[in-house]
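These notes concern the structure reproduced below.
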Amino acid sequence: MCKKSAQLDSLLFTAPYFLIDADNHKTSDMLTTRPAHTQQPIVGTLHPNVVAIDFDLDTEEEADWALHHLITWCEDRSTWYAHRASGGGPGRVHFLALPRKEHRDELASYIEQLRIELGVAKKQIDVRDKLRLLSSPHRQGHARGRLVTAWATPPAELLPGTPRPRQRRTPSAPAHDTADQLTERQRRLAATLDCQEAIDQTRSGIEFLITLRLKALGATADAVFNALCDPTLRDDIGKAAENGYTWFYSHVWEKIDVEPAISAKTYNWATYALPMSRAVRETWGNWPTRHKHTVEHVAVVAAARIGAHGAAGGPLPLRDLVEDTGIDKDTVSAALKTLRETGLLIRTKRFRITEESVATNSDHYALAIELGPTSLTPTTSLYTQLPHAPAAPLWLALPPAALSTTLTLMHSGQALPLANLLQFTGYKFQTQPSTRQKALGRALLRTMEEHGLLATTDQDTYELHTTNQDTEKSAAGLDKWNKLRAQHRKERKTFREAVVAVYETAREIKAEWKKAQLEAIERNKQQRRAGQERWWATLSPERRERRREIFKEMWHNATAEERQVRLAKIEASRPTTDPALYDLAA
């Protein structure tokens, strides 16, 4: 039994359960617990928040079409889903989704729309409250196919009351909080991390690399251990679960020297943002002031996105950068071009449009900056417990230079007078800023102070406001971020549908061309056969008999391989209206 399927069954299904036989008849009473160690198919009751669909369509093409549209719907709304062939033949699939409350009615309408477009009955795309478990075999023993999920674990908030994996520890083990979990971002990183760069490709080596990345992101030992003990996270781990928390803490966690972030609610600016910012400032030279700030903003957000993927880098979707910065798409593209030209980012893979990649792929980038010791073990002068990361919605409500100004004060580690603050942030002037520059600078700093980012220490002297961790969360920034997300969902959906339509049209054209080609070949065979029959009719009975004898002699003297080649050649040249070949060879 697949561990992943069994784990999902425990999350998505609940009592009552019952067994069925090969004829789809119940063979047990309703059971309050899931039967173990049985080869019989098990049917369970779905969690109330799960929407399960049993596809019973005529062809695999129809099922693929419906699955594609359901998956796109789920991805556009960040909805968890899973699907697996039921084992009943082509067109038979089980699909499960966990839509949020506000999307459930929309999904029900969408399912009905799929039925109408396919012209099928309700039973053929059937929403079920009871279904055969994902780990359960087909009732007649047919293969079920691979289980596909959106990501490893369904969102916990949509499955309230679901038991979480707990590990037994020995009395001598350090305190272990079994309720501590990774953030969604940390969990996705752990689940998708490419562990080919691990020196040791055993389970221990892979778990060590995952722990290293998560510790650098501020995850706690308890949360990492709980994730490594979760069989739904990935298939290549399990050593921590076998050896227990004490072994993990002493042999893995304490062996890693990376200094974690102070808490999961703060952001370690010294890991990627400050090194990238320093590298940008070393190259920005005589760029226009606005371009300096734009490039730096995009650079530090990009560094945080791809830095955790390691030296090989990772995906960097353009629209994600737009959402994280609030900067328009063309300007972000120009900033990425500048970062490539200056050598701070390396594009490792170009996005190529295919029907399979259009929903998830993007250009991949890697960092080309040196992450020295200061970025992994930050000192007090380089570290600030500013809870808003460079990609936080707060920055979307602030003027464009706000993030660069904040980075200037972080680099300085001390309060700065207005003139020095503007100069170090990239404004151009000889010795003193102009009256207009001072007015614009004060307006910017006043806005930042209103949002809790700055404090005034003296007249025209400013420092980072680190005494109050609860800086104001900007509703305006969050509104802008939500609008961008909604806009990009529509754009991605339109783009995917357009690409799918192009491929569907291409398949139709190819099918028509193939059909026409086969018809032309068949006509040619018919004409050739007619010519052969006319020629045969011109021969005398004696000549026909002589040719038959020659053919029989050649046939009996030929090897088995030569006979096979001869038959294949004859078969390829015969029209479909000819009698079966074995009649001629008898």
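Taken from CZ in Arg128 to CG in Asp54, the straight-line distance is 5.0 Å, to the nearest 0.5 Å. Annotation: the span from Arg213 atom CZ to Phe208 atom CZ amounts to 11.0 Å, rounded to 0.5 Å. Lys483 NZ to His488 NE2: the interatomic distance, rounded to the nearest 0.5 Å, is 13.5 Å. In this structure, CG on Leu57 lies 5.0 Å from CD1 on Ile125, to the nearest 0.5 angstrom.
For Ser136 (side chain) and Arg132 (main-chain N/O), no donor-acceptor pair under 3.5 Å exists by modelled atom type. Checking side-chain atoms of Arg92 against main-chain N and O of Ser86 turns up no donor-acceptor pair under 3.5 Å. Panel note: side chain Gln181, backbone Asn226; no donor-acceptor pair is recorded below 3.5 Å. In this structure, the side chain of Lys215 engages the main chain of Trp253 through a donor-acceptor pair within 3.5 Å. Side chain of Asp9 to backbone of Leu133: no donor-acceptor contact under 3.5 angstrom is found. Arg100 contributes no side-chain N or O that, together with a main-chain N or O of Thr79, makes up a donor-acceptor pair within less than 3.5 Å. Glu62 places no side-chain N or O within 3.5 Å of a backbone atom of Leu118 that could act as its donor or acceptor partner. In this structure, Thr14 contributes its side chain and Thr45 its backbone to no donor-acceptor pair below 3.5 Å. Judged purely by atom type and a 3.5 angstrom limit, Gln40 uses its side chain to pair as donor or acceptor with the backbone of Ile20. One N or O on the side chain of Lys480 and one on the backbone of Gly326 form a donor-acceptor pair closer than 3.5 Å.
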List the atom pairs, donor and acceptor, that lie under 3.5 Å between side-chain atoms in residues 101-109 and the rest of the protein, sequence neighbours left out.
unit_1, atom_1, unit_2, atom_2, d
Arg104, NH1, Asn49, O, 2.9
Arg104, NH2, Pro48, O, 3.3
Glu106, OE2, Arg77, NE, 3.0
Glu106, OE2, Arg77, NH2, 2.6
Ser109, OG, Asp105, O, 3.2

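Applying the salt bridge (Lys or Arg N to Asp or Glu O under 4.0 Å) criterion to Lys490, with sequence neighbours excluded, gives no partner residue. In this structure, the salt bridge (Lys or Arg N to Asp or Glu O under 4.0 Å) partners of Glu323, at least two apart in sequence or on a different chain, are Arg485, Arg492.
Ring geometry, Phe95 versus Tyr81: the interplanar angle falls under 30°, so the pair is classed parallel (tilted spans 30 to 60°). Ring orientation note: the planes of Phe248 and Tyr245 are tilted relative to one another, at an angle of 30° to 60°.
A donor and an acceptor atom, one from each side chain of Trp65 and His69, are located under 3.5 Å apart. In the model, Asp230 has a side-chain atom that pairs as donor or acceptor with a side-chain atom of Thr232 under 3.5 Å.
Checked for salt-bridge contact, Glu242 and Arg203 meet the test: a charged N lies under 4.0 Å from a carboxylate O. Look at Arg305 and Asp320 and you find a salt bridge, because one of the NZ, NE, NH1 or NH2 atoms lies within 4.0 Å of a carboxylate O, short of that distance. With respect to the salt-bridge test (charged N to carboxylate O, under 4.0 angstrom), the residues Lys515 and Glu512 do not qualify.
Leu214 pairs in a side-chain contact (heavy atoms from CB on, under 4.5 Å) with only one of the listed residues (Leu212, Ile210, Thr211), which is Ile210.
In terms of heavy-atom proximity, Cys74 sits nearest to Ala97 at SG-CB, 4.2 Å.
In the displayed structure, Glu522 atom CD is contacted under 6.0 Å by more than 12 heavy atoms of other residues, nucleotides or ligands.
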